[in-house]
Trainee: 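Once you've had a glance at the structure underneath, I'll fire off some questions.
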Amino acid sequence: MDKIDELLTRGVANIIPGKAELAKVLRSGKKLNVYLGIDPTATHIHLGHAVPLRKLQQFVELGHHVTFLIGDFTALVGDTSDKTSERPRLSKLQIEENFKTYKQQAEKILDFSRVTVRYNSEWLKKLGATNFIDLAYHFSLNDFISRELIKKRLESGGSVKLPEVLYPLLQGYDSLNLDTDVQVGGTDQTFNMQAGRTLLKDVKNKESFVITNGFLTGTDGRKMSKSWGDAIWLDDSPNDMYGKVMSIKDELIPEYFLLATKLPISNFQSLISNSSPMQAKKQLAHQIVLELHSQPAADAAQAHFESTVQAGELPTEVPEISVKSKNIVDVLVESGLASSKSEAKRLIDQKGVRVDNKAVSTMNYELSTSNSIVSVGSRKFIKIK
RNA sequence: GCCAGGAUGGUGGAGCGGUCAAUCACACCAGACUGUAAAUCUGGCGCCUUACGGCUACGUAGGUUCGAAUCCUACUCCUGGCACCA
């Protein structure tokens with residue numbers, strides 16, 4: 001399996017119009033214009049978001065011309081499928097701030113020095129009503145209302161706002177302006193990306209491709225999502241990240257190797273079949289931390305996991321804190337181990353609090369010696385100075 | 001503008017005058033168990049109090065009542081429908 005094969009298969013849900021066609025173009029050696037669009041309201045990236053970024057990076061490595069498109073204009077219109085939150089109108093400054101934050105995380109995966117960053121307001125701002133109507137002639141309402149989501153809402157008497165219908169049009173115009181050969185995105189973007197194909201074909205008589213990637217399963221077994229609290233974030237600390245990976249179900253190990261690391265497929269296949277789930281998962285967690293942080297961080301996170309979680313020992317580095325109080329309840333609150341006195345008492349009640357590894361059984365407990373280690377549960381430790 | 005429906009804890013969503021700090025589910029926390037921070041089971045999950053109990057909360061502001069998340073009025077914001085547009 002060479003790089004092109006890997007690009008065509010790894011984490012890929014669908015290729016439109018087809019894999020064979022794209023393979024042919026890739027093999028021809030032609031440099032392609034590839035792009036991924038993002039919504040500038042998003043600033044925090046998790047491993048699921050990272051899947052299309054990895055795909056983009058594969059294109060970069062093959063020497064294609066990759067554009068990272070920031071949907072600053074379309075953000076104003078809003079992809080209204082998400083109806084719960086009112087979309088704030090972002091100022092140019094905010095958008096740039098957001099992107100800065102985004103980039104800090106994204107560059108762990110995507111090499112921005114070999115990527116062109118652009119904003120779609122560049123051309124959308126200039127698009128007048130006349131041109132806009134012209135664009136609209138390339139589409140029919142039938143296509144839009146046959147979409148599953150839209151159809152359901154219409155059938156149940158819900159309303160579909162016009163901008164929702166117009167949104168794909170703008171996205172298609174992006175493709176046209178970037179003279180796109182390949183668009184990358186999640187399967188949820190299939191329809192919007194198709195609009196680009198339509199325009200390119202109609203206007204420029206150009207055949208283009210769409211690659212959609214699958215979704216990564218979150219730590220709770222559902223799709224990894226910001227709102228479900230089951231995400232592993234690119235900026236999670238090494239220990240957190242390692243731990244979160246260790247908490248996934250064993251069955252997900254191959255999926256994670258495939259979608260969340262860049263380890264060659266053959267490498268991890270043999271690894272999985274030759275080791276116990278526990279070992280394989282530790283390898284996986286190590287690899288993920290290594291890629292997103294560093295080798296030493298990954299080693300340290302693994303050591304931390306082995307000693308703290310597996311052997312139940314104290315972590316090597318315990319944050320030190322000085323507190324005014326001696327009483328255990330106050331200490332817990334002051335150190336932040338508990339958010340309120342009520343919670344602190346609850347924790348003590350439930351035998352969740354230990355001082356120097358001995359469970360605290362009374363609220364009146366006073367810390368006697370300095371340098372005591374206070375712990376809550378099995379993973380929160382603090383050393384009291 | 002008119003009509004109808006709605007706004008409850010981190011989320012979804014009950015409750016429709018007292019027994020509501022608010023059913024339930026999810027998320028979260030602790031305990032047990034485990035190769036694991038998985039699964040499963042147990043307990044917990046506003047704040048203050050060792051406890052008895054107290055306090056603040058159900059969009060905002062008032063009112064009715066011995067008593068309101070529950071009834072009334074106004075306002076704000078959402079969601080539909082209808083109308084109007086020189």
Side-chain angles (χ1 to χ4, degrees), chain A residues 46 78 80-88 152-162 164 217-233 236-256 272 275-286 288-289 301-315 325-330 332-355 357-366 374-382:
Chain A
H46 60 56
T80 32
S81 47
D82 163 30
K83 303 202 86 172
T84 43
S85 60
E86 175 122 338
R87 259 171 212 256
K152 264 190 208 146
R153 267 161 55 201
L154 285 174
E155 276 166 5
S156 65
S159 86
V160 176
K161 298 289 186 196
L162 222 42
E164 290 186 62
T217 309
T219 52
D220 67 351
R222 296 185 290 176
K223 180 182 122 182
M224 187 175 285
S225 158
K226 198 195 302 196
S227 39
W228 290 336
D230 64 345
I232 299 174
W233 302 96
D236 274 340
S237 73
N239 286 351
D240 268 359
M241 197 180 275
Y242 193 97
K244 283 186 185 178
V245 175
M246 290 308 292
S247 79
I248 64 169
K249 286 187 191 159
D250 293 352
E251 304 89 86
L252 293 177
I253 296 173
E255 179 185 321
Y256 267 66
I272 290 169
S275 32
S276 70
M278 182 70 178
Q279 284 171 312
K281 210 192 284 183
K282 281 168 85 168
Q283 276 295 149
L284 172 67
H286 186 270
I288 288 177
V289 178
Q302 177 145 354
H304 175 266
F305 180 84
E306 284 168 356
S307 64
T308 314
V309 180
Q310 293 193 292
E313 291 165 11
L314 276 180
S325 338
K326 286 275 177 216
N327 175 270
I328 186 66
V329 173
D330 296 324
L332 287 171
V333 175
E334 221 182 302
S335 62
L337 288 175
S339 62
S340 69
K341 287 193 176 185
S342 301
E343 194 189 349
K345 285 172 192 164
R346 231 176 273 135
L347 289 167
I348 294 169
D349 216 35
Q350 295 180 142
K351 307 250 180 302
V353 177
R354 274 158 294 134
V355 172
N357 215 23
K358 279 199 287 280
V360 173
S361 53
T362 162
M363 314 285 167
N364 301 325
Y365 185 92
E366 303 273 327
V374 178
S375 54
V376 170
S378 49
R379 42 178 175 146
K380 278 173 279 182
F381 301 88
I382 261 176

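Sequence lines set the chain letters: A, B, ... in the order given, protein chains first and strands last, and positions in each chain run from 1. Small disclaimer: the values here were computed from a predicted structure and weren't measured.
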Trainee: For a side chain to side chain contact (heavy atoms under 4.5 Å, CB included) check, start with the C-alpha distance between A:Met246 and A:Phe305, then their side-chain angles and the critical distance, and finish with the verdict.
Mentor: CA-CA 9 Å; A:Met246 290 308 292; A:Phe305 180 84; 3.6 Å; yes

Trainee: What I want to check is whether an N or O donor and acceptor connect the side chain of A:Gln350 with the base of B:G43 at under 3.5 Å.
Mentor: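 It does, because a donor-acceptor pair links the side chain of A:Gln350 to the base of B:G43 below 3.5 Å.
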
Trainee: I need the CG-P distance between A:Asp330 and B:C48, as an integer number of Å.
Mentor: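 Answer to the nearest Å: 11 Å.
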
Trainee: Check A:Tyr242 against A:Val289 and note the closest heavy-atom contact, atom names and distance.
Mentor: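 Shortest heavy-atom contact: N-CG2, 3.9 Å.
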
Trainee: Strictly below 4.0 Å: does A:Arg346 bring a side-chain N or O up to OP1 or OP2 of B:C47?
Mentor: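 Looking at the OP1 and OP2 atoms of B:C47, one of them is under 4.0 Å from a side-chain N or O of A:Arg346.
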
Trainee: Using the P atom in both, what is the distance from B:A68 to B:G62, to the nearest Å?
Mentor: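 14 Å, rounded to whole Å.
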
Trainee: Rounded off to whole Å, could you give me the OH-to-P distance for the A:Tyr242 and B:U36 pair?
Mentor: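 That distance rounds to 13 Å.
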
Trainee: Given 3.5 Å as the limit, does a donor-acceptor pair link the side chain of A:Thr362 with the main chain of A:Asn364, or not?
Mentor: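 A pair under 3.5 Å: yes.
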
Trainee: Return yes if some donor-acceptor pair links the side-chain N/O of A:Arg354 with the main-chain N/O of A:Gly377 below 3.5 Å, else return no.
Mentor: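 Confirmed, A:Arg354 side chain pairs with A:Gly377 backbone.
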
Trainee: With rounding to the closest Å, how many angstrom separate the P atoms on B:G80 and B:C28?
Mentor: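 Comparing P positions in B:G80 and B:C28 gives a spacing of 32 Å.
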
Trainee: Partner of B:A4 by Watson-Crick or G-U wobble geometry, both contacts under 3.5 Å, or none?
Mentor: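 When the pairing criteria are applied, B:U79 turns out to be the nucleotide that pairs with B:A4.
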
Trainee: Is the phosphate of B:C47 approached by A:Lys341 (side-chain N or O, under 4.0 Å from OP1 or OP2)?
Mentor: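 Indeed not, no polar side-chain atom of A:Lys341 lies that close.
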
Trainee: Rounded off to whole Å, could you give me the CD1-to-P distance for the A:Ile328 and B:A30 pair?
Mentor: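 Computing the A:Ile328:CD1 to B:A30:P distance gives 15 Å.
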
Trainee: If the P atom of B:G13 is compared with that of B:U8, how far apart are they to the nearest Å?
Mentor: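 Per the computed distance, 9 Å lies between those P atoms.
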
Trainee: Paired with B:U11: which nucleotide, if any, by Watson-Crick or G-U wobble criteria at under 3.5 Å for both distances?
Mentor: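 B:U11 is paired, partner B:A25.
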
Trainee: Rounded to whole angstroms, how far apart are CE on A:Met278 and C1' on B:A38?
Mentor: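 The distance from CE of A:Met278 to C1' of B:A38 comes to 11 Å, rounded to the nearest Å.
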
Trainee: Within this structure, what is the CG-CG distance for the pair A:Leu347 and A:Leu332, rounded to the nearest 0.5 Å?
Mentor: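 With rounding to 0.5 Å, CG (A:Leu347) is 7.0 Å from CG (A:Leu332).
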
Trainee: Would a distance-only check, ignoring hydrogens and angles, find a side-chain to backbone donor-acceptor pair under 3.5 Å from A:Asp349 to A:Met363?
Mentor: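 Flag not set: sc A:Asp349 to bb A:Met363 has no pair under 3.5 Å.
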
Trainee: Over how many whole Å does the gap from A:Lys345 atom NZ to B:U50 atom P extend?
Mentor: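 Nearest whole value for this atom pair: 5 Å.
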
Trainee: Let me spell it out: for each of A:Asn364 and A:Lys380, pick the nucleotide of RNA chain B with the closest heavy atom. Which residue's pick is nearer the 5' end?
Mentor: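 With A:Asn364 and A:Lys380 compared, the 5'-side residue is A:Lys380.
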
Trainee: Counting heavy atoms from C-beta on, name the nucleotide in B:G35, B:A30, B:G31 closest to the side chain of A:Lys281.
Mentor: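 The answer is B:G35, which lies nearest to the side chain.
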
Trainee: If we take the P atom in both B:U70 and B:A7, what is their distance in whole Å?
Mentor: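 Between the two P atoms, the distance is 11 Å.
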
Trainee: Taking pairing as Watson-Crick or G-U wobble with both contacts under 3.5 Å, can you name the mate of B:A32, or confirm there isn't one?
Mentor: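 The answer is B:U40, by the H-bond criterion.
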
Trainee: Return the CD to CD1 distance between A:Glu343 and A:Ile348, rounded to the nearest 0.5 Å.
Mentor: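 CD1 of A:Ile348 is found 11.0 Å from CD of A:Glu343.
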
Trainee: If I pick the P atom on B:A86 and the same atom on B:G15, what distance separates them, to the nearest angstrom?
Mentor: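 Roughly 46 Å separates the two P atoms.
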
Trainee: Looking for any heavy atom pair under 4.0 Å, which part of the strands does A:Gly243 touch: base, sugar-phosphate only, or nothing?
Mentor: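 Base contact - A:Gly243 has a heavy atom under 4.0 Å of at least one base atom.
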
Trainee: Measure OH/A:Tyr256 against P/B:A38 and give the value in whole Å, please.
Mentor: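 A:Tyr256 atom OH is separated from B:A38 atom P by 14 Å.
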
Trainee: So what does A:Lys282 touch, heavy atoms closer than 4.0 Å: a base, only the sugar-phosphate, or nothing?
Mentor: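 Answer is nothing: A:Lys282 stays at 4.0 Å or more from every strand.
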
Trainee: Nearest to the side chain of A:Phe305, heavy atoms from C-beta on, is which of B:A30, B:G35, B:A37?
Mentor: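 Ranking B:A30, B:G35, B:A37 by closest atom to the A:Phe305 side chain puts B:A37 first.
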
Trainee: Mind calculating the distance between CD1 (A:Ile253) and P (B:U36) to the nearest angstrom?
Mentor: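 In whole Å, B:U36 P and A:Ile253 CD1 are 15 Å from each other.
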
Trainee: How far does the P atom of B:U60 sit from the matching atom of B:C77, given to the nearest Å?
Mentor: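 It comes out at 15 Å once rounded to the nearest Å.
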
Trainee: Can you see if the side chain of A:Ser340 gets near the phosphate of B:G46 - specifically, an N or O under 4.0 Å from OP1 or OP2?
Mentor: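 It does not, given that no N or O in the side chain of A:Ser340 lies less than 4.0 Å from OP1 or OP2 of B:G46.
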
Trainee: Write down the distance separating the C1' atoms in B:G17 and B:U65, rounded off to the nearest Å.
Mentor: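 Between the two C1' atoms, the distance is 9 Å.
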
Trainee: Rounded to the nearest Å, what distance is computed from the NE2 atom of residue A:His286 to the C1' atom of nucleotide B:U36?
Mentor: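 Atom-to-atom, A:His286 to B:U36, this comes out as 17 Å.
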
Trainee: Pairing check on B:G67: which nucleotide meets the Watson-Crick or G-U wobble criteria with it, both distances under 3.5 Å?
Mentor: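 Across any shown strand, B:G67 pairs with none.
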
Trainee: If I pick the C1' atom on B:G67 and the same atom on B:G18, what distance separates them, to the nearest angstrom?
Mentor: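 That atom pair is separated by 6 Å.
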
Trainee: Tell which nucleotide pairs with B:A57, taking only Watson-Crick or G-U wobble pairs whose two distances are both under 3.5 angstrom.
Mentor: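 Its partner: none found.
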
